[in-house]
Structures are given as C-alpha cells and as structure tokens.
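Atoms considered below: every heavy atom in the structure, side chains included; atoms not considered: hydrogens, waters and symmetry mates.
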Amino acid sequence: MKTAVALSFIALFAASPLCAAEVTLTLKNNAFSPAEAHAPANQPLTIIVKNLDATAAEFESKTLRVEKVVPPNGQVSMQVRALNPGRYRFMDDFHQDAIGELVVE
Amino acid sequence: MLGSLIIVFREVIEAGLIVGIVLAVTKGVPGRGFWVAGGVGAGVVGACIVAAFAGALSQSLSGVGQEIFNAGILTFAVAMLAWHNIWMAKHGREMASELRTVGVEVAEGRQSLTALALVVAIAVLREGSEVALFLYGVAASGGTSGAQMLLGGALGVLLGALLSALMFFGLVKIPPRHLFGVTTALITFLAAGMAAQAVVYLQQAGITPFLSATVWDTSAILPDDSILGRALHTLFGYVDQPSQLQLMVYATVLLGIFTLTRHCSRPAAVRHA
C-alpha cells in the first residue's frame, strides 16, 4: 500500500521535470573529486555520486540531510532541498577519511 | 581499527537498543527468547541479502529503490510498534490482573510477540546491512590493515551488545508496576523517531519535496552522529537539524499512538480504579 502510494508520487514528480541544479561527485581511491563542489543557492539540487572503487561507499551529509549507499562501480542520485548560502560538509561514511564540502553561493 | 570499531559500534547500538527495549517489554512472556532470537536471526540473514543486492536495490524504481525500501520498512515497523502498544493497552491489564489459563496467556502474548519480532528483524536488517557492506569492503580491500579493521569491527559488535545489555538491565530494574508505563512510552517515542527517519528518505528521493526547511540546528551542542546523539536518535528520534515535515510527522505519530493507547486502556483503567 505504502509502496503504491510512493510509486504514484514518483510518477507524478518524474513527469514534471524539476529544474534542479546538478552536482556530480566522483569517488576514486576513497577520495572525493572534486573535494570542494559548488552549487547555486535557493534552488533544489540533485547530487550524483559516482563510485569508481570496487568497494561500497555511503554518501552522507547531516547538513544536506542525505544518506545513501553507493554500490561498487555504481552511481546514485539524491534530491536536496533549496539551500541557503553556506558550506555543507559531506563524507563517505564507510571510509571516514573521504570528506568534502559543498559550497552554496 | 578505531575507525571500524566506531562505525560497527554505532550501527550495533542502534539495533541493540531496540532489542533491549523489546526484551524488557516482553519480560515474563513465555517463548519470547525464541521470537527475539528469531527476529535477530532473520534480520542478519536479511541484512546479508540486502547488502549483496545493494547495487540492484539502488538502481530499482528509477534510482530511488533504496529510499523506498528504507521508508517502507520503517513505516511497517512504526505500524507494528503502534499495534503492539494499542494491543497491550487493551489486553495487558486484563492479562495481568485477571486469572486466565496459561494456554490463553501464551497465545495472546505471542500475537504481540510476532509484531515485536518483526520490529527486531527490521532494526537488525537496517543496521546490519550497513555493517555487512562496510565489513565486506574492508575484507575485499585486504592488505595488512584488513585484519586490524575486522578486529575493530568485532570489538564494535561486542561493545555495542554490552551497552545494549546495560540498557536492558537498567530497564528491568524498574519495578514491574511502572515498567509497563515506561516501555509503552519508549515504544511510542521509538515509533515517532522511525516515522521521522522515513521522512528523510522520502525527501531524499524527491517524493516529498515540500516543508524541507530546517527548523533548528543544534549540531554544535549535541551532534546526532556523536554516540550520545546516536543513542538519543534511536530512542527518541533526536535529530540536530530536522526539517519541518520531519517534525510534523514526528509530532503526529507521537500524539496519534499516545492518544490511541490512552483511549484503548481507558475501559480497563476505569474497571480497576
């Protein structure tokens, strides 16, 4: 039931292309590139994370309010709310040396 | 090693606290060991399956499979917890105060045990799949640090289990007269926190893109990724930067279960007053 409701919601929003900005991050050798990404303020954002490593990662950011497993050699995308200008830290929860920042301006 | 210890420890206390509460809630119910152990076992098996198919799960449902899966099982757990509370409010007092044949008591206790075993399974499934993915990555990367990190992981499991056990023994120290009230409240908060967490996944999937502004930011005082913050997050749903929708859903579920539990326990309370 829940899934059915959710699916109809997806259909609804997938049909209306949100003019969201996009940020692509790449993970290689457990490091983000770019380690400092830029995005425009006050508009919804899509974050795409590509994992070029052979091990799984978990893209996580408290301030961006996202948390998603990125499969080995895979990619995921996430929706982020319209952000205020500022610096937002993100990291790979499975390899905590891998950190980066999103600069919103 | 310390890094992997902390990562595994964190995930284990989240699932462990829930197992501790369920054990305290079902104190004295015959056969609960079997159900709780079954829940943990099913959760571990499920976690390995989820970890193995993490890639496929991410790509399914046009890329938001992971979010739908997480939000779905969380919502299911919330329903099970609510049902347990309401069921206990209806029958708990009767069971405790009226003389009944042992057979009936066992059967009725089990009804609610099934729901709680499912909640245990879901908690272990969620946290366990992350641990499995993480440890698999450690094992796969090999090297000299591999063994160290696996040792850290094992210590993390032990410490997490220990903390959960302390929580359990703390709970069962509460006099039986009050234990019912405390666990009912704990389960209500647990459910509200899970519902709010489900909202995070729905917002991340872009399914509920409204009411996403941050209500407050207490990350400087008590970050929710610290150990204390993490425990408070599991028990009460504490979040250092909640969105408006998260807060609304939290309050609604909290009030909803509280009201229903009160409503359902009223006839029994009046009778024994």
Quiz prompt | Which portion of B:F69 sits near chain A, non-hydrogen atoms under 4.5 angstrom | solution = neither

Quiz item: Aromatic rings A:F59 and A:F32: how do their planes relate, parallel, tilted or perpendicular, breaks at 30° and 60°?
Solution: perpendicular

Quiz item: Measuring heavy-atom distances to chain A, does B:S129 have an atom under 4.5 Å in its side chain, in its backbone, in both, or in neither?
Solution: neither

Quiz item: Out of B:P223, B:S58, B:A54, which one racks up the most heavy-atom pairs below 4.5 Å with chain A?
Solution: B:S58

Quiz item: Can B:T214 and A:R65 be said to form a side-chain hydrogen bond (donor to acceptor under 3.5 Å, both in side chains), step by step?
Solution: CA-CA 10 Å; B:T214 303; A:R65 221 178 284 130; 2.8 Å; yes

Quiz prompt | Contacting moiety of A:D93, where chain B heavy atoms sit under 4.5 Å | solution = both

Quiz item: What option among B:Q59, B:Q203, B:E67 has the most heavy-atom pairs under 4.5 Å with chain A?
Solution: B:E67

Quiz prompt | Top contributor to chain B interface from A:M78, A:E67, A:K68, A:E58 [non-hydrogen pairs under 4.5 Å] | solution = A:K68

Exercise. Output, in order, the C-alpha distance, side-chain angles, deciding distance and verdict of side chain to side chain contact (heavy atoms under 4.5 Å, CB included) for B:Q204 and B:V64.
Key: CA-CA 9 Å; B:Q204 173 180 316; B:V64 291; over 6 Å; no

Exercise. Would you mind checking which part of B:E130 comes under 4.5 Å of any heavy atom in chain A, side chain (CB onward), backbone (N, CA, C, O), both or neither?
Key: both

Quiz item: In terms of ring plane angle, is the pair B:Y250 and B:F189 parallel, tilted or perpendicular, where the classes change at 30° and 60°?
Solution: tilted

Quiz item: Counting N and O atoms only, with roles assigned by atom type, does the side chain of A:E101 sit under 3.5 Å from a partner on the main chain of A:F90, one being a donor and the other an acceptor?
Solution: no

Practice problem: Please look at A:V76 and chain B and tell me whether the side chain, the backbone, both or neither of the residue comes under 4.5 angstrom of a heavy atom of that chain. | Solution: side chain

Exercise. Could you look at A:Q75 and say if it's the side chain, the backbone, both or neither that has a heavy atom under 4.5 Å from chain B?
Key: backbone

Practice problem: For side chain to side chain contact (heavy atoms under 4.5 Å, CB included), just list the numbers for A:N84 and A:N42, CA-CA rounded to whole Å, side-chain angles, deciding distance to a tenth of an Å, and then say yes or no. | Solution: CA-CA 6 Å; A:N84 293 325; A:N42 304 319; 4.1 Å; yes

Self-check item: Candidate pair A:T63 and B:Q241, rule side-chain hydrogen bond (donor to acceptor under 3.5 Å, both in side chains), full reasoning
Solution: CA-CA 7 Å; A:T63 43; B:Q241 292 169 42; 5.2 Å; no

Quiz item: Is chain A contacted by the side chain of B:S219, its backbone, both, or neither, given a heavy-atom distance below 4.5 Å?
Solution: neither

Exercise. Report the C-alpha distance between B:R230 and B:E11 in whole Å, list the side-chain angles of each, state the deciding distance to 0.1 Å, and finish with yes or no for salt bridge (Lys or Arg N to Asp or Glu O under 4.0 Å).
Key: CA-CA 9 Å; B:R230 205 88 177 182; B:E11 307 297 337; 3.6 Å; yes

Quiz item: Hey, which of B:D224, B:D217, B:V200 has the most heavy atom pairs under 4.5 Å with chain A?
Solution: B:D224

